[in-house]
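What you see is a predicted model; the values in this text were computed from it and never measured. Every chain is numbered from 1, with letters handed out A, B, ... down the list of sequences.
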Protein chains: 2
Amino acid sequence: MSAAPKVTNRKALILSEATHLFAANGFNGTPVRIIARQCGVTEAAIYRHYDSKEHLYEEVIRNKAAQHDIDGQLAAQGQDAGVEEMLTQVAEYILSFAKTDPELLQLMANSTRGNDPAAAVLFQEVRLPFIRFIQAELTRRIDAGQVRPVDPFITARCFVGMVMDCAMSIGVWQMLNETTIKSRDVICNNMPIFARGLEMRPVS
Amino acid sequence: MSAAPKVTNRKALILSEATHLFAANGFNGTPVRIIARQCGVTEAAIYRHYDSKEHLYEEVIRNKAAQHDIDGQLAAQGQDAGVEEMLTQVAEYILSFAKTDPELLQLMANSTRGNDPAAAVLFQEVRLPFIRFIQAELTRRIDAGQVRPVDPFITARCFVGMVMDCAMSIGVWQMLNETTIKSRDVICNNMPIFARGLEMRPVS
DNA sequence: AGCCCAAGTCAACGCTCACTTACTCACGAA
DNA sequence: TTCGTGAGTAAGTGAGCGTTGACTTGGGCT
């Protein structure tokens, strides 16, 4: 009723609701009016906290990316794992977003186009960490003679692209009534292929 | 000057200009007014030919998909090629779109989200043919004992996803001032990895 | 007590959107 | 010659958009 009912963090609420709506309907598909209604406030209240709709969107993206300490999570992995194990852990991490944070994947799917200025942030903060990690791990193993002398960057970029595409396009696939594929099946099927193709000596 | 200056196919012109604009700016980012201006006609003229903006968009998608006889193109390949050669040809075909028909890739990138009803058409008409082809080729080779007993559908889906992602995200990458990767380098680097991982006997 | 200010509200503004209406005109067939 | 029709136009329509300005309210500081 009153104008300032509680000092609860309204700004955080707006950011949260905006995240849900932007993820579900995209930037152009989400009017400020709807965000406001979802928060139980007026549009003007939103502009009290955020300069513009674009700034709010960028904040949503930045906040979403910051929620995951990807570098830290990746660095915690064992240094002495085999290639397959390493790739498996990365793929499991990416695919786990489908359950732990589907909004992140939706936002990424919406931002595949170059036009979106926030796309750069998502690529930089989410994709690149994975790629850099794999790149480094591959380089180390190539130098150690465990992995064939492939281009580590290209390999990492394509590997991450494959897993990301798999995670992002789930929605479209089940819209087509195609068989839904489980993450575990993808990993069990594809990681050995990649690892076998990369390793210096054929496994078994 | 006159109302009907020429009987040249105005409908085709509208479809063509709409394709350019939708590809460049997406559905929501392309007002009918702009399409009309680009064609040198009024909005009403467009509605004379297309019931609604959505119908026009769907027609754009359908027309774009129909421009490529993907099934035919794939079927023309040699049946006795090795796995690596087969995958290479498919990847080359997909990556060639970046030069022969970049609009197709842009439209696909815009339609990764499930909301877009046209996304289904693009998946069905563009992605699926590639996947089904690889799936069939893999199945044949698995039965012949040339390829290890992987899941042909999952493998094909992920392979196509990898190549598509590579083709679609080129725009974002060069916006980040990252090194631009050439299609040939991707193929030279990745096809042997995949093939080596798939083939029954390790290659050399 | 008095006052400031963050955080709201309401009501609009100016603009753009997809789409419509009423009308015009060239042109080919009867 | 007349007339119907397809293809176009100018000029809207109401709805919805992002954004703003003037005003209100209530908690915390002096």
Problem set entry | Minimum heavy-atom distance B/R10-B/C39, with the two atoms named | NE-O, 4.3 Å

For this session: Please state how far atom NE2 in B/H55 lies from atom C1' in C/dC19, giving the value in whole angstrom units.
Result: 14 Å

Seminar exercise, completed: Walking DNA chain D from its 5' end, the first of A/A44 and A/F27 to be reached, judged by nearest nucleotide, is A/F27

Exercise. What nucleotide among C/dA18, D/dG18, C/dT20 has an atom nearest to a side-chain atom of A/P31?
Worked result: D/dG18

Problem set entry | Whole angstrom value for the distance that separates C1' of D/dG8 from CG of B/N9 | 15 Å

Seminar exercise, completed: The nucleotide from C/dC19, D/dG18, C/dT9 with an atom nearest the side chain of B/K53 is C/dC19

Problem set entry | Gap between atoms OH and P, on A/Y47 and D/dT19 respectively (whole Å) | 4 Å

For this session: Please check the phosphate of C/dC10 (OP1 and OP2 only) for any side-chain N or O of A/T42 closer than 4.0 Å.
Result: no

Problem set entry | Student check: side-chain heavy atoms of B/S183 and B/E92 closer than 4.5 Å | no

Exercise. For the ring-ring contact (aromatic ring centres under 6.0 Å, His included) test, which of B/F153, B/F194, B/F133 pairs with B/F159?
Worked result: B/F194

For this session: Could you state the atom-to-atom distance from CD1 of A/I34 to P of D/dG16 in whole Å?
Result: 10 Å

Exercise. What are the two closest heavy atoms between B/Q135 and B/A156, and how far apart are they?
Worked result: N-CB, 3.8 Å

Exercise. In whole angstrom, what separates B/L21's CG from C/dC17's C1'?
Worked result: 16 Å

Problem set entry | Spacing between A/N28 atom CG and D/dG16 atom P, to the nearest angstrom | 17 Å

Problem set entry | B/Y93 vs B/Q77 side-chain heavy atoms within contact, under 4.5 Å | no

Problem set entry | Between D/dG21 (P) and A/I46 (CD1): distance, integer Å | 18 Å

Exercise. Between C/dA6 and A/H49, is there an OP1 or OP2 to side-chain N/O distance shorter than 4.0 Å?
Worked result: no

Exercise. For B/R48 and A/R48, take the nucleotide of DNA chain C holding the closest heavy atom to each; which residue's nucleotide lies nearer the 5' end?
Worked result: A/R48

Problem set entry | Spacing between B/D51 atom CG and C/dC19 atom P, to the nearest angstrom | 10 Å

Exercise. Between A/R33 and D/dG16, is there a side-chain N or O to OP1/OP2 distance below 4.0 Å?
Worked result: no

